[in-house]
Amino acid sequence: NGGVDFKAVSSADAGDYFTIGTSTHGATTMTTLDDDGGYAATLTLSIDGDFIRDENDAFTTSHNVTGFSFDYDKSGVRAGSTLSYITGIKSDINDAATNNSGASIVYTGIENNITNASNIGSLTQYGYKQTLSGADIQFGIYNIVTGAAAPSVSVGFYQQTDDDAVDIKLVSASNSNDFFTIKTGANGGTDIKTDDNGGGELAYLKFDIDGTIDLDSEGTITLDSGA
């Protein structure tokens, strides 16, 4: 129990190998080893079809599930003038064909669907959740969208929520109850709001424009100081 159940050794170097070990509860570990001390013992799955992970959860007590876990721990000190790229998940989709003019193909890098049949209980959904800390430069989302046949139909960020729901919410690092929101509803009506949760009127909205300001309105323009 906990030992090696299967071991495949390289014909080029007997110190390089792949193992499978199964222990209690069916817990299974696959290991590859490059005995030269490098990181060349790549594990490649060549699948002529879909790769599916199927889990059926019938638990009625507290239970945590992680569909995919990537754990990378760096302890080595990089030498001067070295450059390393560390990527948690990478998806490359390349179409090298010239398709028929009548063909329609939709490419999706990552698709995420979360559905609850009932909203009874305390349910929270996160479509995408991340935490970044400690770097010199940080980008929460870094997006490059180029190369479309008609750039006018390209959209860098697309968001749809229920009418009267908040589409974008930015909060202060000092107090998460101080915020700026944008929400778009029926007829394209859009509200921009700032809120000073402390009860004051310090949630200013500042425009720092290095050029002209052009307000093109189909209706009236109303400025109300609230005084």
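These numbers come from a predicted model, not from an experiment.
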For D178 versus N197, what's the shortest heavy-atom pair and its separation?
OD1-N, 2.8 Å
Supply the atom-to-atom distance Y128 OH to N112 CG, rounded to the nearest 0.5 angstrom.
11.0 Å
For residues V145 and S154, report the shortest heavy-atom separation together with the two atoms involved.
CG1-CB, 4.2 Å
Under a 3.5 Å distance rule, please check whether D196 uses its side chain to pair with a backbone N or O of G198 as donor and acceptor.
yes
Approximate separation, where rounding is to 0.5 Å, of K7 NZ and I20 CD1:
13.5 Å
Side-chain donor or acceptor of K169 paired with backbone N/O of V171 under 3.5 Å
no
For N94, what residues pass the side-chain hydrogen bond (donor to acceptor under 3.5 Å, both in side chains) criterion, not counting sequence neighbours?
none
H63: what forms a ring-ring contact (aromatic ring centres under 6.0 Å, His included) with it, not counting sequence neighbours?
F59
Are F207 and I221 grouped together when hydrophobic residues (ILVMFWY) are joined by side-chain heavy atoms under 4.5 angstrom apart?
yes
Main-chain N/O of I89 paired to T87 side chain as donor or acceptor, under 3.5 Å:
no
Can a cation-pi geometry be assigned to K129 and Y126, taking NZ or CZ under 6.0 Å from the six-membered ring centre and within 45° of the ring axis?
yes
Are any side-chain N or O atoms of S133 and backbone N or O atoms of T131, one a donor and one an acceptor, separated by less than 3.5 Å?
no
Which residues pass the salt bridge (charged side-chain N to carboxylate O under 4.0 Å, His left out) test with E55, sequence neighbours left out?
R53
Pairwise distance CG(D5) to OG1(T19) - rounded to 0.5 angstrom:
9.5 Å
With sequence neighbours left out, write down each residue that passes side-chain hydrogen bond (donor to acceptor under 3.5 Å, both in side chains) with S84, or none if nothing qualifies.
R78
Measuring from L123:CG to S118:OG, what's the distance to the nearest 0.5 Å?
7.5 Å
Between D16 and D35 (side chain of the first, backbone of the second, donor and acceptor by atom type, cut-off under 3.5 Å), is there such a pair?
yes
Under 3.5 Å, is there a donor on one side chain and an acceptor on the other for D34 and Y39?
no
What are the two closest non-hydrogen atoms of D13 and D36, and how far apart are they?
OD2-OD1, 4.0 Å
Between atom CD1 of I182 and atom NZ of K193, what is the distance when rounded to the nearest 0.5 Å?
13.5 Å
With sequence neighbours left out, the residues meeting ring-ring contact (aromatic ring centres under 6.0 Å, His included) with F139 are Y142
Hey, does the side chain of Q130 reach the backbone of G140 with a donor-acceptor pair shorter than 3.5 angstrom?
yes
Residue set satisfying side-chain hydrogen bond (donor to acceptor under 3.5 Å, both in side chains) with Y85, at least two apart, ordered chain then number -> none
